[in-house]
Structure formats: C-alpha cells, structure tokens
K.L.:
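Quick one: the structure is below, questions incoming.
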Amino acid sequence: MNPLRRRSSARPRRGHAGRDDESRLSLDLPAAIRRGQLRLEYQAELDLTTEEVLAVEALVRWDHPELGVLGAGRFIRIAEHNGMIGELGRWALRTACAQLAAWQDATPGLELVLRVNVSPVQLSDRSFPDLVEQTLADTGLAGAALCIEVTEDAEPPDRAGMIDVLRRVRASGVQVALDDFGVGRNSLLRLRELPYDVLKIDRSFVAALGTSPSESAIVASVISLGAALGMDVVAEGIETEQALAELIRLGCRRGQGYLLGEPASAEAMAFVLSARTS
Ligand code: C2E
Ligand code: MG
Ligand code: MG
C-alpha cells in the first residue's frame, strides 16, 4: 500500500490565524526559524494514469511548542508582513534542494522535479535569481530539477520587477509554475506576462469535479488552454475517485491531492520514491 495514502491523524491546522494569534505568531516566528521549529513536508504529484511520481512539492510546517503543528496558510502571510519571508524562503529553498539531492544520491536514476513555493515578496528582491543559482550550485542540482511556484493571491510590491526576476530564473533552466490558477486576480492576464511552464488548477475547481457539468467545462477549458500554451497542467486537491476519473476523462495528465498522497515527511517520501523506482 502506498503509505502516503494513509490518512494522517495529525493534519496541520489550516486557515488564517485570528488577530491575537497573528500578533503572537509574528513575534514567535524569528526565534522559530533559529530554533529549528520549521520543517518541510513533501507532497507527490503523480501521473494520473500510471501513478508514477513526476514531481514533489515542498510545503512548510511550523511545530509550534504551544499551538501544535501549523500549516503554511497560518503563517506565510504573517512572514510576508513582518519581514521574515526572505529568511524563511531561503531556508525552504535550501532545505528542499538539499533533500532532493539526497534522494537522488539514494536512488540513482531518479527523475523528479522539486516544486518550491515562493512568495511574490521574495520575488521583488532582485538578487533572488542569484540565490537560486547559488543554491543549485551548492546542492549540485540541475536547473531543470527545480520549479518555482508563484501564487496569484498577493499582489507583488513591484510586478514588473517580479516578472524580470522570474525571466532570469527561467534563463537558468528552472521552471516557473502559476499556482492556484483560476482564483487569483487577473488569471488570464498573468498568462501573457511570462511564458510560465506549469499551470496548477486551483483545488476549488477540482473539488466538485464529477458532480457538476459546469465545473467539468471550466476545468476542460483550463486543460486545453494550458496545452495550447505548451504548459504542463496539474490538478490540485484531488480528494475523490470521482474527481480523479473525471480529470483522466478530460485528459489531465498530472495531479496531486489527499487521494493520491498526503504531504509527508522526507523519510516517508524517500520510501515511496525508492519503491517506485526499484
Ligand atoms: P499550495 O502551494 O497551493 O499548496 C497546496 C496546499 O493544499 C497545501 O496546504 C497542501 O497541504 C494542501 N493540500 C494538498 N492536497 C490537498 C487536498 O486534497 N485537499 C485539500 N483541501 N488540501 C490539500 P499548506 O501546506 O497549508 O499550504 C498552503 C499554501 O501556503 C500553499 O498553497 C502555498 O501557497 C503556501 N506555502 C506552502 N509552503 C510554502 C513555502 O515554503 N513558502 C511560501 N512562500 N509559501 C508556501
Ligand atoms: Mg504550490
Ligand atoms: Mg496551489
């Protein structure tokens, strides 16, 4: 049995923090990074028909000493506002790249793309492409092994600057994904600003697949839009067999979600990767 399919009883707390929690988390975050309370989980992205693992997405968690395990949704916005996102992002990129390098060492022939979420605030830093290059050099990864995921929900402080940064990242062979496609602002406009490599369909569209014809029509059109633009299309948040069957029927090749595998520790993922490639 695929161990990633097991329902974990300890899913992190999701959603946004209340105001009291928020100021508390903002105060606690700098020490949390120093004290090693942050860790990454990894969620597999599969070929929907063969179940081959095509990519792995790194997702940050905070083991808060009093509040328990916090999902990224609880503190990424806070980190963007209190100035900690740069440090958090550098740590996440380095940790994830080092992890992929370790998996590659343990499993020769492993062909896997590592997807790392990056905040628009990080992308307003003109030195971000240098950080990516340096991290690849330090960990010995090829650019093609890395994909930067950009979400649309926050408006970047400097959109033109962000696009320039992403162009430079792409020039080093790294892929760029447009995350949560369909729910952010100006989704279609965003497709014109950069030749994104990957389109991730937001899970809110995937949730009702198989039960609603209009949802199927929307997802079908996004799949063909992505294909026409030469992008890899990934369905996020696949939770039901119905949604999976409908995505396959619509010709979607890639997907991730609790049905296929929950985010899991690096050790659990190593087990899956070695089992899949041996
Ligand atoms: P995302 O990049 O769209 O990541 C997918 C989110 O959906 C993750 O939540 C994942 O745990 C959750 N998920 C996966 N499969 C399913 C499913 O079948 N059903 C449902 N309902 N949810 C599913 P998570 O880890 O709480 O992350 C939330 C968001 O925080 C991410 O959304 C991403 O935008 C951001 N994030 C995560 N890690 C990082 C990071 O290292 N840096 C930055 N800047 N942002 C991050
Ligand atoms: Mg993502
Ligand atoms: Mg997403």
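Just so you know, ligand 1 is whichever comes first in the structure, and atom 1 is the first atom listed for that ligand.
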K.L.:
Of the protein's non-hydrogen atoms, which lies at the shortest distance from atom 18 (O) of ligand 1, and what is that distance?
P.N.:
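Heavy-atom neighbour on the protein nearest atom 18 (O) of ligand 1: Y258 N, 2.8 Å.
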K.L.:
Can any side-chain N or O of Q122 pair as donor or acceptor with the backbone N or O of S119 at less than 3.5 Å?
P.N.:
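Yes; judged by distance alone, with no hydrogens or angles, the pair exists.
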K.L.:
Is it the case that the side chain of S212 and the backbone of E215 share a donor-acceptor pair, with hydrogens and angles ignored and the cut-off at 3.5 Å?
P.N.:
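Yes, the answer is positive, given that a donor and an acceptor are paired below the 3.5 Å cut-off.
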K.L.:
Give the atoms of ligand 1, by number and element, whose distance to some non-hydrogen atom of I238 is under 4.0 Å.
P.N.:
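Heavy-atom distances to I238 below 4.0 Å select 18 (O).
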K.L.:
Are E133 and R168 within salt-bridge range, i.e. N to O under 4.0 Å?
P.N.:
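Answer for the salt bridge query: no.
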K.L.:
Nearest 10° is fine: what angle sits at the Mg ion (ligand 2) between OE2 from E57 and OD2 from D179?
P.N.:
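Rounded to 10°, it measures 180°.
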K.L.:
Inspect the contact between R249 and E246 and indicate whether a charged nitrogen and a carboxylate oxygen are less than 4.0 angstrom apart.
P.N.:
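Between R249 and E246 there is a salt bridge, with a charged N closer than 4.0 Å to a carboxylate O.
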K.L.:
Does this structure show an ion pair linking R203 with D180, if we count only N-O contacts that are shorter than 4.0 Å?
P.N.:
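Judged by the 4.0 Å cut-off on N to carboxylate O distance, R203 and D180 do not form a salt bridge.
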K.L.:
Rounded to the nearest 0.5 Å, what separation is found between the CZ atom of F181 and the CG atom of L191?
P.N.:
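If we round to the nearest 0.5 Å, F181:CZ and L191:CG are 4.5 Å apart.
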K.L.:
Need the ligand 1 atom indices (1-based, order shown) with element for anything under 4.0 Å from a heavy-atom of V60.
P.N.:
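Checking each atom against V60, I get 38 (N), 39 (C), 40 (C), 41 (O).
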K.L.:
Does one hydrophobic cluster hold both I85 and V165, with members joined at side-chain heavy-atom distances below 4.5 Å?
P.N.:
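Result: yes, single cluster for both.
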K.L.:
Confirm or rule out an N/O/S atom of E236, from backbone or side chain, lying less than 2.8 Å from the Mg ion (ligand 3).
P.N.:
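Checking the Mg ion (ligand 3) against E236, an N, O or S atom does fall under 2.8 Å.
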K.L.:
Given that the side chain starts at C-beta and the backbone is N, CA, C, O, which of these parts of E57 lies under 4.0 Å from ligand 1, counting heavy atoms, or is it both or neither?
P.N.:
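For E57, the contact with ligand 1 is made by the side chain alone.
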K.L.:
Does a side-chain N-to-carboxylate-O contact under 4.0 Å join D232 and K200?
P.N.:
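Between K200 and D232 there is no salt bridge, as every charged N stays at least 4.0 Å from the carboxylate O atoms.
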K.L.:
What residue and atom, counting heavy atoms only, is the protein's closest point to atom 12 (C) of ligand 1, and at what distance?
P.N.:
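Protein heavy atom at minimum distance: R14 NH1, 3.7 Å.
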K.L.:
Can you tell which part of Q43 has a heavy atom less than 4.0 Å from ligand 1: side chain, backbone, both or neither?
P.N.:
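Near ligand 1, Q43 shows its side chain, while the N, CA, C and O stay back.
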K.L.:
Checking only N/O/S atoms, does T151 have one that is under 2.8 Å from the Mg ion (ligand 2)?
P.N.:
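False for T151.
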K.L.:
Any protein heavy atom lying closer than 4.0 Å to atom 32 (O) of ligand 1?
P.N.:
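Neighbour list for atom 32 (O) of ligand 1 is empty of protein heavy atoms (cut-off 4.0 Å).
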K.L.:
What residue and heavy atom of the protein are closest to atom 5 (C) of ligand 1, and at what distance?
P.N.:
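Nearest protein contact, heavy atoms only, for atom 5 (C) of ligand 1 is E236 OE2, 4.0 Å.
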K.L.:
What distance separates L46 CG from L260 CG, expressed to the nearest 0.5 Å?
P.N.:
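Between atom CG of L46 and atom CG of L260 there are 5.0 Å.
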K.L.:
Is the contact between P263 and ligand 1 made by the side chain, the backbone, both, or neither, using heavy atoms and a 4.0 Å cut-off?
P.N.:
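For P263, the contact with ligand 1 is made by the side chain alone.
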K.L.:
Side chains of S26 and D28: is there a donor and an acceptor less than 3.5 Å apart?
P.N.:
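Not at all, the side chains of S26 and D28 share no donor-acceptor pair under 3.5 Å.
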K.L.:
Need the ligand 1 atom indices (1-based, order shown) with element for anything under 4.0 Å from a heavy-atom of D179.
P.N.:
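Atoms satisfying the 4.0 Å criterion: 1 (P), 2 (O), 3 (O).
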K.L.:
Hey, which N, O or S atom on D180 ends up closest to the Mg ion (ligand 3)?
P.N.:
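Looking at D180, the N, O or S atom with the least distance to the Mg ion (ligand 3) is OD1.
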K.L.:
Among the N, O or S atoms that E149 has, which is closest to the Mg ion (ligand 2)?
P.N.:
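Result: OE1.
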K.L.:
Working note: E22 + R24, criterion salt bridge (Lys or Arg N to Asp or Glu O under 4.0 Å); need CA distance, chi angles, decisive distance, verdict.
P.N.:
CA-CA 5 Å; E22 224 170 271; R24 157 135 199 225; over 6 Å; no
K.L.:
Nearest protein heavy atom to atom 44 (N) of ligand 1, by residue and atom, and its distance?
P.N.:
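Going by distance alone, atom 44 (N) of ligand 1 is nearest to S119 N, 3.4 Å.
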K.L.:
Please state which option from R61, Q256, E239 has its nearest heavy atom closest to atom 21 (N) of ligand 1.
P.N.:
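Ranked by closest heavy atom to atom 21 (N) of ligand 1, first place is E239.
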K.L.:
Among all protein heavy atoms in this structure, tell me which lies nearest to atom 35 (C) of ligand 1, with the distance rounded to 0.1 Å.
P.N.:
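Atom 35 (C) of ligand 1 sits closest to the protein heavy atom A72 CB, 4.0 Å.
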K.L.:
Specify the closest pair of heavy atoms between A96 and V116, including all atoms of both residues, with the distance to one decimal.
P.N.:
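Closest pair (atom of A96, atom of V116, distance): CB-CG2, 3.9 Å.
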K.L.:
Which residue and atom name correspond to the protein heavy atom nearest atom 42 (N) of ligand 1, and how close is it?
P.N.:
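Nearest protein contact, heavy atoms only, for atom 42 (N) of ligand 1 is N117 O, 3.3 Å.
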K.L.:
Does the side chain of T107 come under 3.5 Å of the side chain of W103 through a donor N or O and an acceptor N or O?
P.N.:
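Not at all, the side chains of T107 and W103 share no donor-acceptor pair under 3.5 Å.
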K.L.:
Show the atoms of ligand 1 that are less than 4.0 angstrom away from any heavy atom in D180.
P.N.:
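Near D180, the atoms of ligand 1 are 3 (O).
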K.L.:
In terms of atom number and element, which parts of ligand 1 are under 4.0 angstrom from non-hydrogen atoms of R203?
P.N.:
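So the atoms of ligand 1 that pass are 6 (C), 7 (O), 12 (C), 20 (C), 21 (N), 22 (N).
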K.L.:
Quick test: of every protein heavy atom, which one is nearest to atom 10 (C) of ligand 1, and how far off is it to 0.1 Å?
P.N.:
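Minimum-distance protein heavy atom for atom 10 (C) of ligand 1 reads L59 CD1, 3.8 Å.
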